Amino acid sequence: WYSPFFDFVDAGTGREKDPYRPYRHAMAPPELLVVVLSCGMNAADLAAALDKLRESSKSIGGHKRRQLYWDAYTKLQAKTNSLGDGAFAFLKYAVDTSGGDSNPQGAVEVVELTKRQKGLVSNGSVDIMGPKFKPPEDPTSKTHCFAWSEEGAAAAWDDLMYG
């Protein structure tokens, strides 16, 4: 019988393991999760890309779902002001409506990439699969961002942060 909870140290590196990693996908997901990865975009271009995403969310099926996406992109866009130009960071929006609140409020978390993550993302060492957005005014720019939502966002967050 084997349990990953008893194996807290990686034998190869000697570093502590995350004992909950195998069970992260089994946890109850929030009602809506949106993750944006900024790869060197300045704040104005990132805000414009998020505005474009917000406008495209008008075609989402149900009214409640549309409101959640509209709120997500509005709050993510507001957080871009706190990022410096050329930032390499994750913007993560999560809201849980299972509590029965008629007007749930989501939260935005900004996570700056580590030096290693920035190197992997900026020099093309890692192929990132997902919707890629370039600055609207300069489609030839080398800076861009990626955006994921719902299950794709959870998978992208786990892959890029944990593995």
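In this text, all values refer to a predicted model and were calculated from it rather than measured experimentally.
Other residues, nucleotides and ligands contribute more than 12 heavy atoms inside 6.0 Å of the NZ atom of K92. With a 6.0 Å radius and a threshold of 12 heavy atoms from other residues, nucleotides or ligands, K75 has its NZ atom above the threshold. A 6.0 Å sphere centred on CD of E151 holds no more than 12 heavy atoms belonging to other residues, nucleotides or ligands.
The cluster map of Ile, Leu, Val, Met, Phe, Trp and Tyr, joined by side-chain heavy atoms under 4.5 Å apart, puts M129 and W157 in different clusters. Criterion: ILVMFWY side-chain heavy atoms under 4.5 Å apart, direct or through other members. Under it, V36 and V95 are part of a common hydrophobic cluster.
Nearest heavy atom pair, residue T140 against residue D138, reads OG1-OD1, 2.8 Å. Across every non-hydrogen atom of C145 and A49, the tightest pair is SG-CB, 4.1 Å.
Side-chain N or O atoms of D85 include none that pairs as donor or acceptor with a backbone N or O of M41 at under 3.5 Å. One N or O on the side chain of Q117 and one on the backbone of T114 form a donor-acceptor pair closer than 3.5 Å. Of the possible donor and acceptor atoms, one in the side chain of K134 sits under 3.5 Å from a partner among the backbone N and O of S141. The backbone N or O of L50 sits nowhere less than 3.5 Å from a side-chain atom of Q77 that would complete a donor-acceptor pair.
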From CA spacing to verdict: side chain to side chain contact (heavy atoms under 4.5 Å, CB included), D71, Y93: CA-CA 10 Å; D71 183 54; Y93 174 89; 2.6 Å; yes

K115 and F88: CA distance, side-chain angles, deciding distance, side chain to side chain contact (heavy atoms under 4.5 Å, CB included) verdict: CA-CA 10 Å; K115 191 174 185 178; F88 284 81; over 6 Å; no

Derivation of the side chain to side chain donor-acceptor pair (under 3.5 Å) call for S57 and Y73: CA-CA 9 Å; S57 71; Y73 291 125; over 6 Å; no

Test log, rule side chain to side chain contact (heavy atoms under 4.5 Å, CB included), inputs F90 and E109: CA-CA 8 Å; F90 287 108; E109 178 184 359; over 6 Å; no

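Here the options are V110, L37, V34, the test is side chain to side chain contact (heavy atoms under 4.5 Å, CB included), and the partner is L91; only V110 passes.
Residues satisfying the side chain to side chain contact (heavy atoms under 4.5 Å, CB included) test with R66, not counting sequence neighbours, are I60, H63.
If you take CG on L76 and CG on D51, they are separated by 12.0 Å, rounding to the nearest 0.5 Å. Rounded to the nearest 0.5 angstrom, K132 NZ and C39 SG are separated by 8.0 Å. Put simply, OG on S38 and CG on L113 are 8.5 Å apart, with the number rounded to the nearest 0.5 Å. Here the OG-OH distance, from S59 to Y69, works out to 10.5 Å after rounding to the nearest 0.5 Å.
Ring orientation note: the planes of F146 and H144 are nearly perpendicular, at an angle over 60° on the 30°/60° scale.
Counting only heavy atoms from C-beta outward, the side chains of L53 and F133 approach each other to under 4.5 Å. Side chains of P135 and T143 form a contact here, defined as non-hydrogen atoms less than 4.5 Å apart. Under the 4.5 Å side-chain criterion, counting only non-hydrogen atoms from C-beta, E150 is not in contact with L33.
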